[in-house]
Amino acid sequence: MTDSAAGQLTRIVAIRHGETAWNVDTRIQGQLDVPLNDKGLWQARRLGQALADEGISVVYSSDLQRALQTAQAVAAACALDVVTDTGLRERAFGVFEGLTWAEIERDHPVESERWRRRDPDFGPVGGEVLSDFYERCVGCITALAERHPGEVVAMVAHGGVLDCLYRAATRVDLRAPRSWQLGNASINRLLHTPQGLTLVGWADTGHLDGAVHDEFSDAGANRAALGSTA
């Protein structure tokens, strides 16, 4: 790689927030402001220790407290402050927020079916359309990365946001079923260049000694496909 090419490259450490009580309950959080539980706080501390020597120059975070609490642990370990950006927020799920997957299927069967099959034009009442959410996430990450060419940038967000990043970096269609993990406090590595995002490494939870709870924010059907009991 030439010095010129390296200077345009931004290394992204993309992180999902630590565990919350609603993750354990398979309850949709969306943009409701749910804090980390005790395990999530422990995960955040372990995450900070793992990334302390990563050479991170800036820590960006969703302003929702489950992400912000996670980001603060990383920033403290790196002697940095946290910069919040609402573009890193989870998808707004409208009437689905606060409900479990089973309750959504029971109370909103038609909407639940469109959600499960990942209809790009679907958004729950009061929530975001999936395609709009994707554009918001990828646009935000791209803009943040472009501010820091040649640097290492940490971005702490949510499962849905990381799903969009994975799809953008691997060119997986928005409608394709998910086959990759989105563990709480997982470390995911990408590169950003003027040509776009590239995947380097995904779902690293070694710093947690395997103690991670996985939640799928877009549909219980994906949980069944991966054999998850979350």
Side-chain angles (χ1 to χ4, degrees), residues 1-18 43-44 46-64 67-68 70-91 131-174 176 178-208 212:
M1 182 182 296
T2 66
D3 290 343
S4 176
Q8 297 183 77
L9 184 151
T10 305
R11 291 173 173 83
I12 298 173
V13 181
I15 301 161
R16 186 183 176 204
H17 63 78
Q43 290 173 332
R46 292 296 294 266
L47 185 65
Q49 293 166 8
L51 294 174
D53 297 322
E54 193 80 13
I56 292 169
S57 59
V58 61
V59 179
Y60 287 106
S61 175
S62 158
D63 63 333
L64 297 175
L68 184 55
T70 306
Q72 286 168 338
V74 173
C78 299
L80 297 168
D81 294 323
V82 178
V83 181
T84 59
D85 193 309
T86 57
L88 295 173
R89 281 187 174 192
E90 181 60 282
R91 180 181 177 185
S131 58
D132 292 344
F133 172 61
Y134 177 86
E135 294 299 328
R136 188 249 290 176
C137 293
V138 176
C140 176
I141 271 69
T142 298
L144 295 179
E146 287 176 345
R147 295 180 192 173
H148 301 279
E151 299 181 38
V152 182
V153 178
M155 300 185 187
V156 185
H158 306 265
V161 178
L162 266 65
D163 178 70
C164 291
L165 291 188
Y166 185 97
R167 292 174 189 275
T170 59
R171 283 50 173 179
V172 173
D173 191 274
L174 193 55
R178 186 184 301 158
S179 60
W180 48 92
Q181 300 291 326
L182 295 173
N184 290 111
S186 60
I187 297 172
N188 309 279
R189 301 178 189 278
L190 306 100
L191 299 178
H192 176 270
T193 68
Q195 288 70 47
L197 292 167
T198 304
L199 187 67
V200 175
W202 197 260
D204 178 2
T205 55
H207 53 292
L208 304 176
V212 64

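- A distance-only check finds no donor-acceptor pair linking the side chain of His192 to the backbone of Ile141 [under 3.5 Å].
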Exercise for the section: Let me see the working for Leu47 and Ile187 under side chain to side chain contact (heavy atoms under 4.5 Å, CB included), right down to the final yes or no. Expected result: CA-CA 8 Å; Leu47 185 65; Ile187 297 172; 3.5 Å; yes

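- Taking NE2 from His158 and NE2 from His17, the interatomic distance works out to 6.0 Å, rounded to the nearest 0.5 Å.
- Taking the side chain as every heavy atom from C-beta outward, Arg11 and Glu54 never approach each other to under 4.5 Å.
- Between the Thr70 side chain and the Gly18 main chain, a donor and an acceptor come within less than 3.5 Å of each other.
- Using a 4.5 Å heavy-atom threshold, the side chains of Leu165 and Cys137 count as separate.
- Residues Leu51 and Cys78 come closest through the heavy atom pair O-SG, 3.6 Å.
- For the pair Arg46 (side chain) and His207 (backbone), a donor-acceptor distance under 3.5 Å is present.
- Minimum heavy-atom separation, Ala67 to Ala157: CB-O, 4.2 Å.
- Glu146 is not listed as a side-chain neighbour of Thr10, based on a closest heavy-atom distance of 4.5 Å or more.
- The pair Arg167-Asp163 counts as a salt bridge, with a side-chain nitrogen and a carboxylate oxygen less than 4.0 angstrom apart.
- For the atom pair CG of Leu199 and OG1 of Thr170, the computed distance is 6.5 Å after rounding to the nearest 0.5 Å.
- Using a distance-only test at 3.5 Å, with no hydrogens or angles considered, a donor-acceptor pair links the side chain of Asn188 to the main chain of Ala203.
- When side chains are defined from C-beta on, Gln8 does not count as touching Thr193, because their heavy atoms never get closer than 4.5 Å.
- Taking the six-membered ring where the residue is Trp, Tyr166 and Trp202 present perpendicular rings, their angle passing 60° and hence far from 30°.
- Asp173 CG: more than 12 foreign heavy atoms inside a 6.0 Å radius.
- Between Val74 and Val13 there is no side-chain heavy-atom pair separated by less than 4.5 Å.
- Between atom CD1 of residue Ile12 and atom CD1 of residue Ile56 there is a gap of 12.0 Å, rounded to the nearest 0.5 Å.
- Here the SG-CG distance, from Cys164 to Leu174, works out to 6.5 Å after rounding to the nearest 0.5 Å.
- Taking all atoms of both residues into account, the shortest heavy-atom contact from Val82 to Ala75 is CG2-CB, 3.6 Å.
- One distance of note links CZ of Arg89 with OG1 of Thr84; it measures 9.5 Å at 0.5 Å rounding.
- Ala44 approaches Ala73 most closely through the heavy-atom pair O-CB, 3.3 Å.
- Every residue two or more places apart in sequence or in another chain was checked for a side-chain hydrogen bond (donor to acceptor under 3.5 Å, both in side chains) with Thr142, and none qualifies.
- Counting only distance, with no hydrogens or angles, the side chain of Ser57 and the backbone of Val152 share a donor-acceptor pair below 3.5 Å.
- In this structure, the side chain of Arg178 does not engage the main chain of Ala176 through any donor-acceptor pair within 3.5 Å.
- Arg189 CZ to Thr198 OG1: the interatomic distance, rounded to the nearest 0.5 Å, is 15.5 Å.
- In plain terms, the two heavy atoms of Val172 and Trp180 that are nearest each other are CG1-CH2, 3.9 Å.
- In the displayed structure, Asp204 atom CG is contacted under 6.0 Å by more than 12 heavy atoms of other residues, nucleotides or ligands.
- Residues Ala169 and Arg171 share a closest heavy-atom pair of O-NH1, 2.9 Å.
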Exercise for the section: Could you walk me through whether Val83 and Leu144 pass the side chain to side chain contact (heavy atoms under 4.5 Å, CB included) test, one step at a time? Expected result: CA-CA 11 Å; Val83 181; Leu144 295 179; over 6 Å; no

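- Between the side chain of Glu90 and the backbone N or O of Gly160 there is at least one donor-acceptor pair closer than 3.5 Å.
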